[in-house]
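Comments concern the structure below.
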Amino acid sequence: MASLSLRGIYKKYPGGFVAVTDVNLEIKDKEFIILVGPSGCGKSTTLRMIAGLEEISEGELYIGDRLVNDIAPKDRDIAMVFQNYALYPHMTVYDNMAFGLKLRKVPKDEIDRKVKEAARILDLEHLLDRKPKAMSGGQRQRVALGRAIVRSPQVFLLDEPLSNLDAKLRAQMRTEIAKLHQKLGTTFIYVTHDQTEAMTMGDRIVVMKDGVIQQVDTPQVLYEKPCNKFVAGFLGSPQMNFVDSILKKNGSRYYVEFGSNSQKYQVEIPEAKVVPELANYVDREVTMGIRPESVHDEEMYLSNATTGIIDCDVEITEMMGAETFLYLQCAGIPLTARVSPRSTAKPQDTIKVALDPNKIHLFSKEDDKTIIN
């Protein structure tokens, strides 16, 4: 088992393009850590540098207490699972899983034991004689995982392993991989651009943008206390609503004001959220963020609200079964609300909604950094 330490890591390509900038990350032994971000943010490049498939331009990478910058991939004691499975089409499942061990001259009986044990863990015992073309995407992905498991590596690297599967199978495989991590008790580093995968699977999430780590924390902290507007907008589905506003002060009370000249709305900032930095933003433009589940249309909530009640036109409603999404327009500002399936709102209705003041976030217009969470 192993911890990892990435210290000041850069990836620079000829021609001056910098794909990864100053990555500093401590990954604990047995941790399930997820690298997440939009396409081109440097997450797969970082994973490939850990694997040894990309050279590190600057910085140091330790696996355990061993510096591995110049150590070949095969000697790093890691196993990588790819997006496209990378199975040998002419070999059976058994031979695909055994192949790496045969190359290492592992005794035959030990290979047999390891392959059968991995097949049992992954429910592949009945498929050992099949070839990949006679299997579904989910089965192939399990074979790719099995090929990694038999090697008993210190670290598992998974590069978007579920992106080729359909939605139902992805949800199922998410659970299987999380269970596998618990069973094996090994360090997992998992790359995805899917924030649902990130939020449901990882002990900690590393959010990346343009080759730079934005924030590293548990899913809950990232969701409730994002360090900037990018992290706030990237995690959560539907994404956080962002509203251009002005911060105002009246006596000791702060509030945000938004809307058009003919229709202005205010949300008072609760005392518990007030921080000294707010004084620097009075009468300046800020971005207010509020998640869809904090936009309420229930009568009970509206009758108790003392601030943040606004009029909206309903454009589209989406029934999702356990909840309904309302897509609204308020004084030219688009808002999404996640409400109870009992909601009676329909397209073309004008309704009142209440924004929960305890759940608002404020971001600086200049650099998108969080002012309050």
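The chain is numbered in sequence order, starting from 1.
- Val267 and Val282 fall within the same hydrophobic cluster, defined by Ile, Leu, Val, Met, Phe, Trp and Tyr side-chain heavy atoms under 4.5 Å apart, directly or through other members.
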Does Tyr255 form a side-chain contact (heavy atoms from CB on, under 4.5 Å) with Thr307? I'd like the steps, not just the answer. CA-CA 10 Å; Tyr255 55 95; Thr307 182; over 6 Å; no
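- The existence of a salt bridge linking Asp159 and Arg48 is excluded, since no basic side-chain nitrogen approaches an acidic carboxylate oxygen closer than 4.0 Å.
- The side-chain heavy atoms of Lys114 and Ser152, taken from C-beta on, include a pair separated by under 4.5 Å.
- Every pair passing ring pair (Phe, Tyr, Trp, His ring centres under 6.0 Å) that includes a residue from residues 144-186 is listed here, sequence neighbours excluded: Phe32-His181, Phe156-Phe188, His181-Phe188.
- Clustering ILVMFWY residues whenever any of their side-chain heavy atoms sit less than 4.5 angstrom apart, transitively, puts Phe234 in a cluster other than the one holding Leu35.
- Formation of a donor-acceptor pair under 3.5 Å by the Thr187 side chain with backbone atoms of Ser3 is not found in this model.
- The heavy-atom pair separating Val231 from Pro226 by the smallest distance is CG1-CB, 3.9 Å.
- Judged by the 6.0 Å distance and 45° axis criteria, Arg147 is not positioned over the aromatic ring of Phe99.
- Evaluation of the side chain to side chain contact (heavy atoms under 4.5 Å, CB included) rule for Leu6 yields Leu4, Ile9, Val23, Leu25, Ile27, Thr46, Ile50, Leu61 as partners, not counting sequence neighbours.
- Between Lys30 and Asp203 the shortest heavy-atom distance is O-OD2, 4.3 Å.
- In this view, Arg120 and Glu117, Glu125 satisfy the side chain to side chain contact (heavy atoms under 4.5 Å, CB included) rule, not counting sequence neighbours.
- When the side chain to side chain contact (heavy atoms under 4.5 Å, CB included) test is applied to Ser340, the partners found at least two apart in sequence or on another chain are Glu298, Arg342.
- For the pair Arg204/Lys28, a side-chain contact is recorded, criterion being any heavy-atom separation below 4.5 Å from C-beta on.
- Side-chain atoms of Ser57 come within 3.5 Å of backbone atoms of Lys12 as a donor-acceptor pair (strictly under, hydrogens ignored).
- Rounded to the nearest 0.5 Å, atoms NZ (Lys273) and CG (Leu278) are 10.5 Å apart.
- By the 4.0 Å N-to-carboxylate-O rule, Asp112 lies too far from Lys108 to be salt-bridged with it.
- Using modelled atom types, one side-chain atom of Arg140 and one backbone atom of Met135 make a donor-acceptor pair closer than 3.5 Å.
- Between Arg284 and Leu247 the shortest side-chain heavy-atom distance does not fall below 4.5 Å.
- The side-chain hydrogen bond (donor to acceptor under 3.5 Å, both in side chains) test applied to Asp349 returns no partner, not counting sequence neighbours.
- Every pair passing side-chain hydrogen bond (donor to acceptor under 3.5 Å, both in side chains) that includes a residue from residues 222-233 is listed here, sequence neighbours excluded: Gln214-Asn228, Gln220-Glu224, Tyr223-Glu293.
- Separation of atoms CG (Asp75) and CD1 (Ile78) is listed at 10.5 Å; rounding is to 0.5 Å.
- Asn96 places no side-chain N or O within 3.5 Å of a backbone atom of Leu87 that could act as its donor or acceptor partner.
- In terms of heavy atoms, Asp129 sits closest to Thr92 at O-CG2, 3.5 Å.
- To the nearest 0.5 Å, atoms CG (Leu67) and CZ (Arg7) are separated by 8.5 Å.
- The CZ atom of Arg151 lies 8.5 Å from the CG atom of Leu101; values are rounded to the nearest 0.5 Å.
- Contacts of Asn373 classified as side-chain hydrogen bond (donor to acceptor under 3.5 Å, both in side chains), with partners at least two apart in sequence or in another chain: His361.
- The side chain to side chain contact (heavy atoms under 4.5 Å, CB included) search around Ala19 returns Lys11, Tyr13, Phe17, Thr45, not counting sequence neighbours.
- For residues 316-337, the side-chain hydrogen bond (donor to acceptor under 3.5 Å, both in side chains) pairs, not counting sequence neighbours, are Glu318-Tyr327, Glu323-Arg338.
- With contacts defined as side-chain heavy-atom distances shorter than 4.5 Å, the pair Lys168/Met173 does not qualify.
- Checking side-chain atoms of Thr200 against main-chain N and O of Thr196 turns up a donor-acceptor pair under 3.5 Å.
- Residues that satisfy the ring-ring contact (aromatic ring centres under 6.0 Å, His included) test with Tyr254, not counting sequence neighbours, are absent from this structure.
- Residue pairs meeting the salt bridge (Lys or Arg N to Asp or Glu O under 4.0 Å) criterion with at least one member in residues 242-259, sequence neighbours excluded, are Asp244-Lys365, Lys248-Asp283, Arg253-Glu268.
- Partners of Glu26 under the side-chain hydrogen bond (donor to acceptor under 3.5 Å, both in side chains) rule, at least two apart in sequence or in another chain, are Ser5.
- Residues Leu165 and Val191 fall into different hydrophobic clusters, defined by Ile, Leu, Val, Met, Phe, Trp and Tyr side chains chained together at heavy-atom separations under 4.5 Å.
- Between the Thr370 side chain and the Ile372 main chain, no donor and acceptor come within less than 3.5 Å of each other.
- How far CD of Gln266 is from CD1 of Ile310: 13.0 Å, rounded to the nearest 0.5 Å.
- Within the 4.5 Å cutoff, the side chain of Arg66 has no heavy atoms near those of the Ile63 side chain.
- Asp123 places no side-chain N or O within 3.5 Å of a backbone atom of Ala119 that could act as its donor or acceptor partner.
- One finds the CG atom of Asp368 at 8.5 Å from the CZ atom of Phe363 (value rounded to the nearest 0.5 Å).
- Minimum heavy-atom separation, Asn241 to Pro334: OD1-O, 4.4 Å.
- Both Met288 and Ile333 are assigned to one and the same hydrophobic cluster, defined by single-linkage of ILVMFWY side chains at heavy-atom distances under 4.5 Å.
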Test log, rule side-chain contact (heavy atoms from CB on, under 4.5 Å), inputs Asp311 and Tyr265: CA-CA 9 Å; Asp311 297 302; Tyr265 295 105; 3.4 Å; yes
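- Side chains of Tyr301 and Glu299: a donor-acceptor N/O pair is absent below 3.5 angstrom, by distance only.
- In terms of modelled atom types and a separation under 3.5 Å, the side chain of Lys43 and the main chain of Pro38 share a donor-acceptor contact.
- Side-chain atoms of Val143 and Leu124, non-hydrogen and from C-beta on, do get closer than 4.5 Å to each other.
- When all heavy atoms of Gln139 and Ser136 are compared, the pair lying nearest together is OE1-N, 2.9 Å.
- Side-chain contact between Ile189 and Leu158 is absent, with no heavy atoms from C-beta onward closer than 4.5 Å.
- Using modelled atom types, no side-chain atom of Ser294 and backbone atom of Ile290 make a donor-acceptor pair closer than 3.5 Å.
- Exactly one residue among Val295, Asp297, Ile316 makes a side-chain contact (heavy atoms from CB on, under 4.5 Å) with Leu326. That residue is Asp297.
- Across every non-hydrogen atom of Pro270 and Asn358, the tightest pair is CG-OD1, 3.4 Å.
- Side-chain heavy atoms closer than 4.5 Å link hydrophobic residues (I, L, V, M, F, W, Y) into clusters, and following such links, possibly through other members, connects Ile177 to Leu184.
- Remark: side-chain polar atoms of Ser237 are not paired, donor with acceptor, to backbone N or O of Gln239 under 3.5 angstrom.
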